[in-house]
Amino acid sequence: MAKMTLDETGRKYLVEIGLEPVGNRAILVEYAPNDNLGDKLAHFFSSEPYILQMCKNELVFIPMHMHVAAGTVAYYTLENKVALQLSYSSIQSVGITEKGTNYRVSITTESDTICLLSPKKGVSAFMGATGTWHMNNIDDTLQMLKSLQGNAADGIK
């Protein structure tokens, strides 16, 4: 039996819990630190990635864990849990800017702004199979995220 990719594993889990993931609309993200030095250092030493998966009616964040061997990332695994779920109707705006080797994605909801970093294609090319699906999904996923300007109350296809 072939081993499932993280993307396939995440989609399967979301379907099992009753959500409807949209195909090829999943990318790697991590929470973005504030611009002060202390936050940047803490982020460097403790950040964990997530899969941001677009579903029919919500954005879902599934936590990942990096397993490190000999000083380099050996592989990733997923937790079977949803760390954060945002309904599209609660999203007021999405801003995407370039920040170094990442895209900075700012999602403003009714009550807060969530800032994320997502690797650009050039960086994800060095991340093996995980980076390949991220690289294949990044453009379309970012474009779909930009379209969530509080007008997706009926969900997406």
Side-chain angles (χ1 to χ4, degrees), residues 1-32 43 47-68 72-110 112-157:
M1 184 156 112
K3 184 177 177 184
M4 287 195 293
T5 65
L6 291 176
D7 184 37
E8 293 166 335
T9 303
R11 280 188 305 216
K12 181 179 178 213
Y13 167 69
L14 292 174
V15 168
E16 287 173 0
I17 64 169
L19 299 174
E20 298 178 54
V22 176
N24 300 323
R25 296 300 178 272
I27 57 173
L28 294 172
V29 297
E30 58 186 38
Y31 288 107
H43 178 262
S47 66
E48 289 280 349
Y50 294 81
I51 290 180
L52 177 153
Q53 172 68 60
M54 298 187 79
C55 293
K56 181 179 178 191
N57 297 304
E58 57 270 314
L59 282 180
V60 178
F61 297 83
I62 304 171
M64 299 172 58
H65 291 291
M66 292 184 288
H67 299 273
V68 179
T72 184
V73 175
Y75 61 95
Y76 291 95
T77 58
L78 286 177
E79 284 188 42
N80 279 340
K81 73 176 190 178
V82 172
L84 180 64
Q85 183 173 338
L86 295 173
S87 69
Y88 292 139
S89 61
S90 72
I91 296 173
Q92 296 180 342
S93 66
V94 177
I96 299 172
T97 57
E98 293 187 28
K99 183 160 178 85
T101 59
N102 296 298
Y103 291 104
R104 184 177 179 94
V105 179
S106 300
I107 302 170
T108 302
T109 67
E110 299 159 340
D112 206 355
T113 298
I114 301 163
C115 295
L116 307 164
L117 295 174
S118 186
K120 290 181 180 176
K121 284 184 178 182
V123 174
S124 59
F126 296 101
M127 299 167 62
T130 301
T132 300
W133 71 254
H134 171 81
M135 190 168 42
N136 291 337
N137 294 344
I138 188 81
D139 292 333
D140 292 336
T141 303
L142 291 179
Q143 190 62 38
M144 191 173 279
L145 282 169
K146 286 181 193 177
S147 72
L148 297 178
Q149 303 298 318
N151 59 357
D154 295 330
I156 58 175
K157 305 291 182 237

*Could you check whether the rings of Tyr50 and Tyr31 sit parallel, tilted or perpendicular, using 30° and 60° as the cut-offs?*
perpendicular
*To the nearest 0.5 angstrom, please state how far the CE atom of Met54 sits from the CD1 atom of Ile27.*
9.0 Å
_Show the nearest heavy-atom pair for residues Trp133 and Ile51, with the distance to one decimal._
CZ2-CD1, 3.8 Å
*Contact summary for Asn137 and Ala26, nearest pair of heavy atoms*: ND2-O, 3.0 Å
*What residues form a side-chain contact (heavy atoms from CB on, under 4.5 Å) with Ser106, not counting sequence neighbours?*
Arg104, Thr113, Cys115
Show me the side-chain donor-acceptor pairs of residues 13-23 shorter than 3.5 Å, one per line, residues at least two apart or across chains.
{"unit_1": "Tyr13", "atom_1": "OH", "unit_2": "Asn80", "atom_2": "O", "d": "3.2"}
{"unit_1": "Tyr13", "atom_1": "OH", "unit_2": "Lys81", "atom_2": "N", "d": "3.4"}

*Any side-chain heavy atom of Glu30 sitting closer than 4.5 Å to one from Asn102?*
no
*Spacing of Arg25 atom CZ and Arg11 atom CZ [to the nearest 0.5 Å]*: 11.0 Å
*Kindly compute the distance separating OH (Tyr88) from CG (Leu59), expressed to the nearest 0.5 Å.*
4.5 Å
*Roughly how far, to the nearest 0.5 Å, is OG of Ser93 from CD1 of Ile91?*
9.5 Å
*Can you name the residues that form a side chain to side chain donor-acceptor pair (under 3.5 Å) with Asn24, not counting sequence neighbours?*
none
*Could you tell me which residues satisfy salt bridge (charged side-chain N to carboxylate O under 4.0 Å, His left out) with Glu98, sequence neighbours excluded, listed by chain and number?*
Lys120
_Closest non-hydrogen atom pair between Leu142 and Tyr103, with its separation_ = CD1-CD1, 3.7 Å
*Locate the shortest heavy-atom distance separating Gln92 from Thr109; write the atom from each residue and the value.*
OE1-O, 3.5 Å
_Go through it in stages, so that I can follow the logic: the residues are Leu52 and Val105, the test is side-chain contact (heavy atoms from CB on, under 4.5 Å), and I'd like the CA-CA distance, side-chain angles, deciding distance and then a yes or no._
CA-CA 11 Å; Leu52 177 153; Val105 179; 5.7 Å; no
_So, taking the atom named NZ in Lys121 and the one named CD1 in Ile138, what distance separates them when rounded to the nearest 0.5 Å?_
8.5 Å
*Rounded to the nearest 0.5 Å, how far does CG of Leu84 lie from CD1 of Ile62?*
11.5 Å
*Take Ile107 and Leu148 through the side-chain contact (heavy atoms from CB on, under 4.5 Å) test and state the conclusion after the steps.*
CA-CA 9 Å; Ile107 302 170; Leu148 297 178; over 6 Å; no
*Do His134 and Ser118 pass the side-chain contact (heavy atoms from CB on, under 4.5 Å) test, and can you show the C-alpha distance, the side-chain angles, and the key distance before you say yes or no?*
CA-CA 9 Å; His134 171 81; Ser118 186; 3.0 Å; yes
